[in-house]
Amino acid sequence: MADALKIGIAGLGTVGASLVRILQERHEMLATTCGRAIEITAVTARDRTKDRGVDLSGASWFDDAVSLAANADIDVFIELMGGAGDPSYSAVKTALGRGIHVVTANKALLAAHGIELAAVAEEKGALLNYEAAVAGGIPVIKALRESMTGNTISRVYGIMNGTCNYILTKMEKEGLSFEACLKEAQRLGYAEADPAFDIEGNDTAHKLSILTSLAFGTAIAADDIYLEGITNISIDDINAAADLGYRIKLLGVAQRTESGIEQRVHPTMVPYDSVIAQVDGVTNAVAIESDILGELLMVGPGAGGNATASAVLGDVADIAKSRPGAQHVPAFGRPTNALLPYTRSQIQSHEGGYFIRLKVVDRTGVFASIASRMAENGISLESIMQHSKHPKESDEPQTIILVTHATAEHSVRDAIVAIKSEGYLVGEPQVIRIERPKAA
């Protein structure tokens, strides 16, 4: 059997502790499967005295991650600290600069510095593996980077944030407000005390930017994503979607168009009978549409200690099985100097149409005015209906629901501006895209 693979772990939180436990409990099985033992020889964490429920007595402790990456006698540096900046960035770059393989679960780091770090890895002959950075335990990185070689991918989309999916699911199932469901998610540990990164869509955007690079062979463009979170989704939207045969999900979508690549993250209505609509709770799902394979949908746990540790372990096992001198798979599927510049797509007609909810004062001519403003902007309506709990004769504002056929985003926005100018709107309109996934 070959010499043991020596690993150093920076970060011993939920994922790090789970990884240590699995490596220790399954030491013999992994040695047999990988052809060599995997040994934890160095670790670092904020609190050296904390009881993590695992035995770390055989590992050397380092004061900080950069010191571990620079000085430890290791073959693989595992970064589980998170964050786009230091110490994660400097530690990973230091390890790669030594020719040490890196495994990370840090999507923020990759979204900000992934191409730079991949270039260092290529120069030094090291691997940069990051399966755990996107969709937890779902092996979507390996699928895009290796398994689907030769396919031309047209679209990648999915549910990539368990916090948002849990909140939207609970709103629908229990008829609760967004605020109530967020508090419950925080109580259960699904949402952070400051949940903005998740609920505003930033977490999904980081993951989507990585998938975009892999799917389309472009440089990462995390700052060039249309971004909209779920904070404005109300129980009225949830109920209206259900009445129309849809469920609301926060989707990240990247697709190839004639003019470039389109990336967007936003709440989306998907048909109730589609597979992705049935993905509930903290579960994630990623769909890939390609010319050879067709449609592939992968569903599984998107976060949590064991799910993320499993993905990290898979990356470590791949390194353990590799042999000296073997050709490494580039971090983003192709060498960094072969990645294409990212070109943002021009505004396209959205194939699924739009859901528009308007709250209006109840007066004669409102329906006709709304229909006229839509027609003036070239928007064909699939349906227009009143959707209100209040009786027609009451003075309460009435709710009008519109569903459009395929149309361009700017046409919808222009029509909304025109409707606002009429003076009968109460509050802000709600506009939600409708997607009709091929994976059904």
Side-chain angles (χ1 to χ4, degrees), residues 6-23 40-54 56 59-72 74-98 100-114 116-118 120-121 126-137 141 161 163 189 192-198 202-203 206-207 209-210 222 302-316 319 331:
K6 294 175 287 187
I7 67 173
I9 303 175
L12 292 170
T14 301
V15 176
S18 293
L19 178 64
V20 172
R21 187 188 69 254
I22 294 168
L23 285 169
I40 303 168
T41 59
V43 294
T44 186
R46 290 178 182 173
D47 184 358
R48 186 179 296 207
T49 63
K50 181 179 178 180
D51 181 8
R52 297 172 172 85
V54 292
L56 296 168
S60 299
W61 274 87
F62 284 77
D63 291 335
D64 60 81
V66 176
S67 176
L68 189 157
N71 301 307
I74 55 175
D75 303 302
V76 182
F77 175 74
I78 301 177
E79 186 274 307
L80 300 174
M81 298 175 292
D86 287 333
S88 298
Y89 168 69
S90 292
V92 168
K93 189 171 183 179
T94 297
L96 292 172
R98 292 178 61 197
I100 293 171
H101 304 305
V102 168
V103 175
T104 180
N106 192 338
K107 66 269 183 180
L109 175 67
L110 293 167
H113 305 291
E116 175 196 353
L117 295 172
V120 176
L127 281 165
L128 174 60
N129 288 351
Y130 51 93
E131 187 66 68
V134 180
I141 303 301
N161 184 272
T163 300
E192 301 290 340
D194 180 2
F197 192 75
D198 289 317
N202 295 282
D203 176 75
H206 283 163
K207 296 169 182 175
S209 69
I210 295 166
N306 284 341
T308 307
S310 175
V312 172
L313 180 57
D315 280 344
V316 173
I319 294 170

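Side-chain atoms are counted along with the backbone in the values below, which use heavy atoms only and exclude waters and symmetry mates. In this text the structure is predicted, and so the values were computed from the model without any measurement.
Interatomic distance, Met81 CE to Asp86 CG, rounded to the nearest 0.5 Å: 9.0 Å. With values rounded to the nearest 0.5 angstrom, Asp75 atom CG is found 8.0 Å from Ile100 atom CD1. Atoms CD1 and CG, from Ile78 and Leu19 in turn, are 5.0 Å apart once rounded to the nearest 0.5 Å. For the atom pair OG1 (Thr94) and OH (Tyr89), the distance works out to 9.5 Å, reported to the nearest 0.5 Å. The NZ atom of Lys107 sits 9.0 Å away from the CD1 atom of Ile210 when rounded to the nearest 0.5 Å. The line from CG of Leu128 to CG of Leu117 is 6.5 Å long, rounded to the nearest 0.5 Å.
Applying the salt bridge (charged side-chain N to carboxylate O under 4.0 Å, His left out) test to Arg48 and every residue at least two apart in sequence or in another chain returns Asp63. Residues forming a ring-ring contact (aromatic ring centres under 6.0 Å, His included) with Phe197 (at least two apart in sequence, or on another chain): His206. Annotation: side-chain hydrogen bond (donor to acceptor under 3.5 Å, both in side chains) contacts of Ser88 (sequence neighbours excluded): Glu79. Residues passing the side chain to side chain contact (heavy atoms under 4.5 Å, CB included) test with Thr308 are Val15, Ala105, Ala132, sequence neighbours excluded. The salt bridge (charged side-chain N to carboxylate O under 4.0 Å, His left out) search around Glu116 returns Lys93, not counting sequence neighbours. Legend: residues meeting salt bridge (charged side-chain N to carboxylate O under 4.0 Å, His left out) with Asp315, ordered by chain and number and at least two apart, are absent. In terms of the ring-ring contact (aromatic ring centres under 6.0 Å, His included) criterion, Phe77 has no residue partners (sequence neighbours excluded). In terms of the side chain to side chain contact (heavy atoms under 4.5 Å, CB included) criterion, residue partners of Ala59 (sequence neighbours excluded) are, by chain and number, Ile40, Val43. Remark: Asp47 pairs with Thr49 by the side-chain hydrogen bond (donor to acceptor under 3.5 Å, both in side chains) rule, at least two apart or across chains. For Ala42, the side chain to side chain contact (heavy atoms under 4.5 Å, CB included) partners two or more places apart in sequence, or in a different chain, are Phe62, Leu68, Ala72, Ile74. Listed by chain and residue number, Leu96, His101 satisfy the side chain to side chain contact (heavy atoms under 4.5 Å, CB included) test with Ala126 (two or more places apart in sequence, or in another chain).
When all heavy atoms of Ala45 and Arg52 are compared, the closest pair comes out as CB-NH2, 3.4 Å. Summarising the geometry of Ala69 relative to Arg98, their closest heavy-atom pair is O-NH1, 2.8 Å, with the distance given to 0.1 Å. Here the closest non-hydrogen pair linking Val66 and Ser90 is CG2-CB, 3.9 Å. Closest approach of Ala17 to Val54, counting heavy atoms only: O-CG1, 3.8 Å.
Counting only residues at least two apart or on different chains, the side-chain hydrogen bond (donor to acceptor under 3.5 Å, both in side chains) pairs with a member in residues 13-22 are Arg21-Asn306.
Counting only distance, with no hydrogens or angles, the side chain of Tyr130 and the backbone of Ile141 share no donor-acceptor pair below 3.5 Å. Side-chain atoms of Asn106 do not come within 3.5 Å of backbone N or O of Ala84 as any donor-acceptor pair.
With Val312 as the fixed residue, the side-chain contact (heavy atoms from CB on, under 4.5 Å) test singles out one of Ile22, Ile9, Leu80, Thr104: Leu80.
In this structure, Thr163 and Asp203 have side chains that are not in contact, with every pair of non-hydrogen atoms separated by 4.5 Å or more.
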